[in-house]
Chemist: 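For reference, the structure I am asking about is given below.
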Amino acid sequence: MEKKKAKFHIKTGDTVVVIAGNSKGKQGLVTEVLVEKERAKIEGVAMITKHIKPTAQSPQGSLLQTEGTVHISNLMLIDPATKQPTRTGRRVNENGKLQRYSKKTDKFI
């Protein structure tokens, strides 16, 4: 039996706000959605420090700041029209396709 692909309320390229966790209140652009882990990478949010071993190019080694991931359930979409966080739903549009809509403004996103 084939497993269905998960549908999330956010996509790559959306602007979101973190509603829970250490990065609560921060906004950013979704750069990647990890479907299997139900997590997303957001620009400038949940920064982690990685220690890089010394190599011939950098004998001292270094510290690298990268974006960590945030669970999808801790993110809320920013409505592009109102610039406010909103819940989303799916509704059939005029072309017969499912499309996300804002539950606050009742308009398609």
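One-based numbering along the sequence shown. These values consider heavy atoms only, across backbone and side chains, with no hydrogens, waters or symmetry-generated copies.
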Chemist: Please tell me whether F8 and V70 are part of a single hydrophobic cluster in this structure, the criterion being side-chain heavy atoms less than 4.5 Å apart.
Modeler: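 Yes, F8 and V70 fall within the same hydrophobic cluster.
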
Chemist: Output the distance between atom OG1 (T31) and atom CG (L29), rounded to the nearest 0.5 Å.
Modeler: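 Rounded to the nearest 0.5 Å, the OG1-CG separation comes out at 7.5 Å.
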
Chemist: Return the NE2 to CD1 distance between H9 and I72, rounded to the nearest 0.5 Å.
Modeler: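 Output value for this atom pair is 6.5 Å.
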
Chemist: Is any side-chain heavy atom of V17 closer than 4.5 Å to one of I19?
Modeler: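 Touching, per the 4.5 Å side-chain cut-off.
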
Chemist: I'd like to check P80 versus I109 (side-chain heavy atoms, cut-off strictly below 4.5 Å). Are they in contact?
Modeler: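 P80 reaches I109 side chain to side chain.
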
Chemist: Restricting to non-hydrogen atoms, name the atom on S102 and the atom on D79 that form the minimum distance, rounded to 0.1 Å.
Modeler: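 Answer, listing the atom of S102 first, then D79: OG-OD2, 3.4 Å.
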
Chemist: Apply side chain to side chain contact (heavy atoms under 4.5 Å, CB included) to R87 and M76, showing your working.
Modeler: CA-CA 7 Å; R87 290 181 174 201; M76 190 174 257; 4.1 Å; yes

Chemist: Show me the pairs that pass side-chain hydrogen bond (donor to acceptor under 3.5 Å, both in side chains) and involve residues 33-54, at least two apart or across chains.
Modeler: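 Listed by first then second residue: R39-T69, T49-Q65.
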
Chemist: Mind checking side-chain hydrogen bond (donor to acceptor under 3.5 Å, both in side chains) for R90 and listing every partner two or more places apart, or none if nothing turns up?
Modeler: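 With neighbours one apart ignored, the set is empty.
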
Chemist: In the single-linkage hydrophobic clustering (I, L, V, M, F, W, Y; side-chain heavy atoms under 4.5 Å), do L34 and V16 co-cluster?
Modeler: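 No.
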
Chemist: When rounded to the nearest 0.5 angstrom, what is the spacing between CD1 in I42 and OG1 in T15?
Modeler: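 The distance works out to 11.0 Å.
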
Chemist: Kindly indicate, with the supporting measurements, whether the criterion side chain to side chain contact (heavy atoms under 4.5 Å, CB included) is fulfilled by M47 and E67.
Modeler: CA-CA 5 Å; M47 299 303 285; E67 284 125 6; 3.7 Å; yes

Chemist: Measure the NZ-OG1 distance between K107 and T82 for me, rounded to the nearest 0.5 Å.
Modeler: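 K107 atom NZ to T82 atom OG1 measures 10.5 Å (nearest 0.5 Å).
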
Chemist: More than 12 foreign heavy atoms under 6.0 Å from NZ of K11: is that the case here?
Modeler: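 No, not enclosed.
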
Chemist: Determine whether a donor-acceptor pair (N or O, by modelled atom type, separation under 3.5 Å) exists between the side chain of S23 and the backbone of K26.
Modeler: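 Looks like no, no N/O pair under 3.5 Å.
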
Chemist: So, do D106 and R91 sit near enough that their side-chain heavy atoms are less than 4.5 Å apart?
Modeler: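 Yes - at least one pair of side-chain heavy atoms lies under 4.5 Å apart.
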
Chemist: Applying side-chain hydrogen bond (donor to acceptor under 3.5 Å, both in side chains), can you list everything that pairs with E32, at least two apart in sequence or on another chain?
Modeler: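 With sequence neighbours excluded, E32 shows a side-chain hydrogen bond (donor to acceptor under 3.5 Å, both in side chains) to no residue whatsoever.
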
Chemist: Specify the closest pair of heavy atoms between P54 and P59, including all atoms of both residues, with the distance to one decimal.
Modeler: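 Closest approach of P54 to P59: CB-O, 3.2 Å.
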
Chemist: Give the C-alpha distance, both sets of side-chain angles, the deciding distance and a yes or no for side chain to side chain contact (heavy atoms under 4.5 Å, CB included) between L98 and V92.
Modeler: CA-CA 4 Å; L98 275 179; V92 178; 4.0 Å; yes

Chemist: So which of D14, T88, N93 actually passes side-chain hydrogen bond (donor to acceptor under 3.5 Å, both in side chains) with R100?
Modeler: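 Exactly one pass, corresponding to D14.
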
